[in-house]
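Read the structure below first, then the notes.
In this text, all values refer to a predicted model and were calculated from it rather than measured experimentally. These values consider heavy atoms only, across backbone and side chains, with no hydrogens, waters or symmetry-generated copies.
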Amino acid sequence: MPTATPSKTEQPRVVSPSQWVEARKDLLRKEKEFTRLRDELSQKRRELPWEKVDKNYVFDGPNGKQSLADLFAGRRQLIVYHFMLGPQWKEGCPSCSYLADHFDGMTIHLAHRDTTFAVISHATLPEIQAFQKRMGWKFNWLSSSANDFNFDHHVSFSKDQQANGKVDYNYDHVEFPSEEAPGLSVFYKNDAGEIFHTYSTYARGLDILVGTYNFLDLTPKGRDEEGLAHTMAWVRHHDKYDDGYAVDAKQSYVQPAKMHDCCSEKE
């Protein structure tokens with residue numbers, strides 16, 4: 001039988017303590033440079049021009065009908081995560097669920113920085129609440145099924161858009177394997193009650209939100225996603241990790257099945 005090639009993790013470069021410290025100091029200089037560059041990038045993000053939001057979006061939420069203005073809950077800033085859960089979907093996207101597992105603990109901290117956090121999906125409110133109950137999440141999650149919010153922010157795509165083969169996503173015209181897409185948008189409300197859209201990010205721009213990834217990046221194996229056709233193919237809803245857990249390296253992204261065809265489509 002052929003012998004598997006040992007990974008870099010299995011063949012580490014072992015050095016003396018003094019050599020290790022020197023190597024660590026060299027990396028530390030690069031880490032500090034990255035931190036400074038990240039601070040500069042964050043400042044550039046804050047300096048982006050704003051666009052006024054004139055459309056009156058009304059959402060279905062746990063507290064009834066709420067406008068976009070209502071979602072600020074008395075604060076100046078609003079962060080919205082665009083969660084991939086479409087109409088009639090059996091369950092939410094596993095990758096978005098992976099991010100959402102990090103949300104509940106941070107909302108109280110954001111609130112004390114004049115910032116409210118909300119999650120919005122294109123599915124109906126009953127569909128959202130059924131999945132949220134299953135996952136045990138508590139964050140504020142609303143439905144945009146009755147308005148254009150998702151389409152205006154390029155995280156939901158019509159059948160006509162999909163039929164063209166490419167959709168507008170992440171500031172480009174690209175192929176996308178689902179009718180829903182992930183993203184995050186930021187809004188600001190001034191004293192006059194005017195709302196402004198200040199920022200949106202998509203795809204790998206959401207990477208910084210995933211605390212688990214940030215921890216894994218500190219380990220020898222890192223994210224351990226090399227060789228996977230879909231880098232997040234290993235991710236499961238947190239109630240689906242069990243003794244039979246296995247990863248299919250050839251598995252590409254598959255949109256969650258819909259209620260009416262969940263018994264006939266492969267997930």
Side-chain angles (χ1 to χ4, degrees), residues 48 50-61 65-68 71 78-100 118-132 141-187 195-207 209 229-233 235 251-267:
L48 277 173
W50 297 359
E51 60 174 345
K52 189 176 179 181
V53 179
D54 291 316
K55 189 174 289 189
N56 183 30
Y57 298 107
V58 178
F59 306 93
D60 292 314
K65 300 286 186 181
Q66 289 188 290
S67 67
L68 184 62
L71 300 189
L78 172 68
I79 297 174
V80 171
Y81 182 74
H82 304 287
F83 191 111
M84 292 174 66
L85 177 56
Q88 300 182 351
W89 282 23
K90 180 184 175 184
E91 57 190 0
C93 165
S95 298
C96 282
S97 300
Y98 176 42
L99 269 72
V119 176
I120 294 177
S121 293
H122 195 210
T124 64
L125 185 61
E127 291 167 335
I128 288 171
Q129 291 180 327
F131 183 62
Q132 185 172 21
W141 196 350
L142 304 100
S143 168
S144 63
S145 64
N147 62 47
D148 297 326
F149 185 79
N150 273 42
F151 295 103
D152 290 346
H153 291 86
H154 307 290
V155 290
S156 288
F157 313 113
S158 68
K159 291 183 179 179
D160 288 341
Q161 288 174 313
Q162 290 181 291
N164 291 330
K166 291 186 177 182
V167 298
D168 291 325
Y169 181 64
N170 199 22
Y171 309 101
D172 200 356
H173 200 55
V174 298
E175 295 180 354
F176 199 80
S178 174
E179 65 191 16
E180 306 292 331
L184 178 143
S185 294
V186 181
F187 303 90
I195 298 175
F196 301 89
H197 173 223
T198 67
Y199 183 71
S200 283
T201 189
Y202 309 91
R204 283 296 299 274
L206 302 169
D207 203 76
L209 306 178
H230 167 48
T231 56
M232 300 181 87
V235 172
Q251 177 67 59
S252 58
Y253 178 82
V254 178
Q255 175 180 292
K258 295 193 175 185
M259 294 291 187
H260 61 79
D261 57 15
C262 63
C263 296
S264 59
E265 288 190 5
K266 292 183 178 179
E267 295 184 59

Are any non-hydrogen side-chain atoms of [X] and [Y] less than 4.5 angstrom apart?
X	Y	result
Thr201	Val186	no
Glu180	Pro256	no
Leu68	Val53	yes
Val119	Val80	no
Ser67	Asn56	yes
Met84	Trp89	yes
Ser200	Leu184	no
Pro177	Gln162	no

Would you say the ring centroid of [X] lies under 6.0 angstrom from that of [Y]?
X	Y	result
His153	Phe187	yes
Phe157	Phe176	yes
Phe149	His82	yes
Phe151	His122	yes

Could you tell me the separation between the [atom1] atom of [X] and the [atom2] atom of [Y], rounded to the nearest 0.5 Å?
X	Y	atom1	atom2	value
Met259	Gln88	CE	CD	8.5 Å
Ser95	Tyr253	OG	OH	6.5 Å
Gln161	Glu179	CD	CD	11.5 Å
Leu99	Tyr81	CG	OH	4.5 Å
Leu206	Cys96	CG	SG	8.0 Å
Gln66	Ser143	CD	OG	12.5 Å

Please indicate whether Lys55 has more than 12 foreign heavy atoms, meaning atoms of other residues, nucleotides or ligands, lying under 6.0 Å from its NZ.
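Yes, the 6.0 Å shell around NZ holds more than 12 heavy atoms from other groups.
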Residues Lys65, Asp60; criterion side-chain contact (heavy atoms from CB on, under 4.5 Å); working and verdict:
CA-CA 5 Å; Lys65 300 286 186 181; Asp60 292 314; 2.6 Å; yes
Assess whether side-chain contact (heavy atoms from CB on, under 4.5 Å) is satisfied between Asn147 and Phe59, documenting all intermediate values.
CA-CA 7 Å; Asn147 62 47; Phe59 306 93; 3.5 Å; yes
Does the pair Trp50 and His197 meet the rule for a side-chain contact (heavy atoms from CB on, under 4.5 Å), with working shown?
CA-CA 6 Å; Trp50 297 359; His197 173 223; over 6 Å; no
Where [X] and [Y] come nearest, the two heavy atoms and their spacing:
X	Y	result
Phe83	Ser97	CZ-OG, 3.5 Å
Ala203	Tyr169	N-OH, 3.1 Å
Ala123	Ile128	O-CD1, 3.7 Å
Leu125	Gly61	CD2-O, 3.4 Å
Lys52	Phe196	CA-CD2, 3.7 Å
Val235	Pro94	CG1-O, 3.6 Å

Please determine, by modelled atom types, if His154 and Asp168 share a side-chain donor-acceptor pair under 3.5 angstrom.
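Looking only at side-chain atoms, Asp168 and His154 do not form any donor-acceptor pair under 3.5 Å.
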Donor-acceptor pair between Tyr57 and Asp148 side chains, under 3.5 angstrom:
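No donor-acceptor contact under 3.5 Å links the two side chains.
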Thr124 backbone acceptor or donor facing Glu127 side chain under 3.5 Å
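The answer is yes, because a donor-acceptor pair under 3.5 Å joins these two groups.
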Applying side chain to side chain donor-acceptor pair (under 3.5 Å) between Asn150 and each of Ser144, Ser145, Ser121, report the one that passes.
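Single pass found, and it is Ser144.
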Test log, rule side-chain contact (heavy atoms from CB on, under 4.5 Å), inputs Ser185 and Tyr199:
CA-CA 6 Å; Ser185 294; Tyr199 183 71; over 6 Å; no
Ion pair present between Glu91 and Lys258, side-chain N to carboxylate O less than 4.0 angstrom?
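Between Lys258 and Glu91 there is no salt bridge, as every charged N stays at least 4.0 Å from the carboxylate O atoms.
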